[in-house]
Amino acid sequence: MTEHRSGFACFVGRPNAGKSTLTNALVGTKVAITSSKPQTTRHAIRGIVHREDAQLVLIDTPGLHRPRTLLGERLNDIVHTTWSEVDVVGLCVPANEKIGPGDKFIAAELQKIAKRTPVIGIVTKTDLVQPQQVAEQLLALQGVMDFAELIPVSAVDGFQVGALADLLVQRLPEGPQLYPGGELTDEPEQTLVAELIRESALEGVRDELPHSIAVTVEEMLPREGRDDLIDVHAFLYVERPSQKGIILGHKGERLREVGATARKNIEALLGSKVYLDLHVKVAKEWQRDPRQLRRLGF
């Protein structure tokens with residue numbers, strides 16, 4: 001019998017470094033929402049990779065950044081707490097962007113834990129550049145800190161995703177399965193549903209809006225007398241009336257599009273037909289208000 005390993009890994013990096021897409025590629029299904037907008041991830045989402053020889057629990061964290069709001073500070077706290085609890089950390093740097101002060105800031109923070117927790121340097125999004133650029137980025141990353149390993153990957157075309165999983169698994173302690181086989185995430189379904197609605201809302205809104213959007217699922221119940229339909233009632237929160245207009249769109253058209261996209265994704269997640277009832281509310285300056293942050297789940 002070969003030994004079985006189990007443990008936790010997390011990906012860190014600047015906002016939009018490809019952490020969520022990589023988590024989804026390793027798990028083999030969508031557990032973390034992805035968006036072209038930075039700072040999409042707001043919770044430490046867990047995705048579970050099941051293998052014959054190991055169970056790897058991936059924690060996708062928000063992007064570390066210099067916070068401008070109370071929400072920003074809380075997101076950074078999530079990142080630091082996660083680092084202190086995992087067996088291995090992957091620092092993600094996109095192949096198509098120069099290594100900047102943000103990456104160096106995160107590396108300096110990681111240096112503090114590197115003695116007890118191995119850190120792997122990951123060059124993501126290799127599908128967007130030529131091999132020569134990948135090689136140059138690996139060299140540049142090598143100069144940032146002393147990594148346990150360096151590896152280039154592409155979550156989009158699957159390049160070296162398996163090899164990265166091997167590197168992470170090698171650094172896990174021996175142990176039994178932590179979650180039942182078949183489970184891909186330990187997130188409650190309501191959290192995942194709220195995240196899918198937020199992902200749909202993020203696509204196509206103006207740049208100033210992503211951080212202002214929060215979603216809560218108020219109720220999620222099977223329709224009475226029907227076993228093939230789930231009613232989902234949710235609120236989409238923004239900070240200002242002008243933002244409400246952006247989300248609603250002309251005659252509510254934008255919100256209908258958001259609802260239609262979200263409903264498709266929720267049906268795929270729940271394996272059932274869904275009736276989605278979606279309303280937009282204004283929660284004034286919620287990112288800076290401790291009471292409202294608590295109510296919205298932060």
Between Val193 and Tyr275, is there a shared hydrophobic cluster once you connect ILVMFWY residues whose side-chain heavy atoms come closer than 4.5 Å?
no
Using only atom types and a distance under 3.5 Å, with no angle test, would you say the side chain of Ser154 pairs donor to acceptor with the backbone of Thr126?
no
NZ on Lys281 to OH on Tyr237, rounded to 0.5 Å
4.5 Å
Quick one: do Glu195 and Arg198 make a salt bridge, cutoff under 4.0 Å?
yes
Heavy-atom closest pair (Pro94 atom, Lys125 atom, distance to 0.1 Å) is CB-CD, 4.1 Å
Not counting sequence neighbours, which residues clear salt bridge (Lys or Arg N to Asp or Glu O under 4.0 Å) with Glu218? List them please.
none
Could you check whether any side-chain N or O of Arg5 sits under 3.5 Å from a backbone N or O of Leu172, counting only pairs where one atom can act as donor and the other as acceptor?
yes
Transitively linked via ILVMFWY side-chain contacts under 4.5 Å: Val282 with Ile197?
yes
State which residues pass salt bridge (Lys or Arg N to Asp or Glu O under 4.0 Å) with Lys112; sequence neighbours excluded, sorted by chain then number.
Glu109
Taking the side chain as everything from C-beta on, heavy atoms only, tell me whether Ile247 gets closer than 4.5 Å to Val258.
no
Determine the minimum heavy-atom distance between Thr124 and Cys92, stating which atoms define it.
CG2-CB, 3.9 Å
Is His50 reaching over with its side chain to a backbone N or O of Gln55, donor-acceptor style, under 3.5 angstrom?
no
Between Asp103 (side chain only) and Gly100 (backbone N and O only), is there a donor and an acceptor less than 3.5 Å apart?
yes
Would you mind reporting whether Ile99 and Leu141 have side-chain heavy atoms less than 4.5 Å apart?
yes
side-chain contact (heavy atoms from CB on, under 4.5 Å) between Leu168 and Leu58: does it pass, once the steps are laid out?
CA-CA 10 Å; Leu168 295 168; Leu58 291 165; 4.2 Å; yes
Heavy-atom pair of closest approach, residues Ala148 and Pro118
CB-CB, 4.0 Å
Phe11 side chain near Thr23 side chain, heavy-atom distance below 4.5 Å
yes
Between Gln137 and Gln133, do the side chains contain a donor N or O and an acceptor N or O under 3.5 Å apart?
no
Sorted by chain and number, sequence neighbours left out, salt bridge (Lys or Arg N to Asp or Glu O under 4.0 Å) with Asp166 holds for Arg51
Heavy atoms, side chains only, cut-off 4.5 Å: are Val49 and Val169 in contact?
no
Contact check, side chains of Ile266 and Ile230, non-hydrogen atoms, under 4.5 Å:
no
Please answer whether the main-chain N or O of Lys251 pairs with a side-chain N or O of Arg256 as donor and acceptor at a distance below 3.5 Å.
yes
Side chain Glu149, main chain Ile120, donor-acceptor under 3.5 Å:
no
Atom CG of Leu278 and atom CG of Leu276: how far apart are they, to the nearest 0.5 Å?
5.0 Å
Per the salt bridge (charged side-chain N to carboxylate O under 4.0 Å, His left out) rule, what does the pair list look like for residues 90-99, sequence neighbours excluded?
Arg14-Glu97
Tell me, please, which residues at least two apart from Asp228 pass salt bridge (Lys or Arg N to Asp or Glu O under 4.0 Å).
Arg226
Sub-4.5 Å side-chain heavy-atom contact between Ser6 and Gln177:
no
Are the side chain of Arg171 and the backbone of Leu167 linked by a donor-acceptor contact shorter than 3.5 Å?
yes
Taking the side chain as everything from C-beta on, heavy atoms only, tell me whether Val27 gets closer than 4.5 Å to Ile48.
no
To the nearest 0.5 Å, what is the distance between CG on Leu255 and CD on Glu253?
11.0 Å
Worked check of side-chain contact (heavy atoms from CB on, under 4.5 Å) between Phe159 and Asp127:
CA-CA 8 Å; Phe159 172 64; Asp127 53 293; over 6 Å; no
How far does CG of Asp231 sit from CZ of Arg223, to the nearest 0.5 angstrom?
4.0 Å
Do Leu22 and Leu164 have side-chain heavy atoms sitting under 4.5 Å apart?
yes
Keeping the roles fixed (side chain from Asp87, backbone from Ala9), state whether a donor-acceptor pair exists under 3.5 Å.
no
For residues Leu229 and Val232: do they belong to one hydrophobic cluster (side chain heavy atoms under 4.5 Å, members Ile, Leu, Val, Met, Phe, Trp, Tyr)?
no
Mind checking what makes side chain to side chain contact (heavy atoms under 4.5 Å, CB included) contact with Leu110, not counting sequence neighbours?
Val12, Trp83, Val89, Leu91, Ile106, Ile113, Val119, Met145
Smallest separation among heavy atoms of Pro152 and Leu138, with atom names
CG-CD1, 3.9 Å
Heavy-atom closest pair, residues Val238 and Lys244:
CG2-N, 3.7 Å
Is it the case that one hydrophobic cluster holds both Val156 and Val153, taking links as side-chain heavy atoms less than 4.5 Å apart, direct or via other members?
no
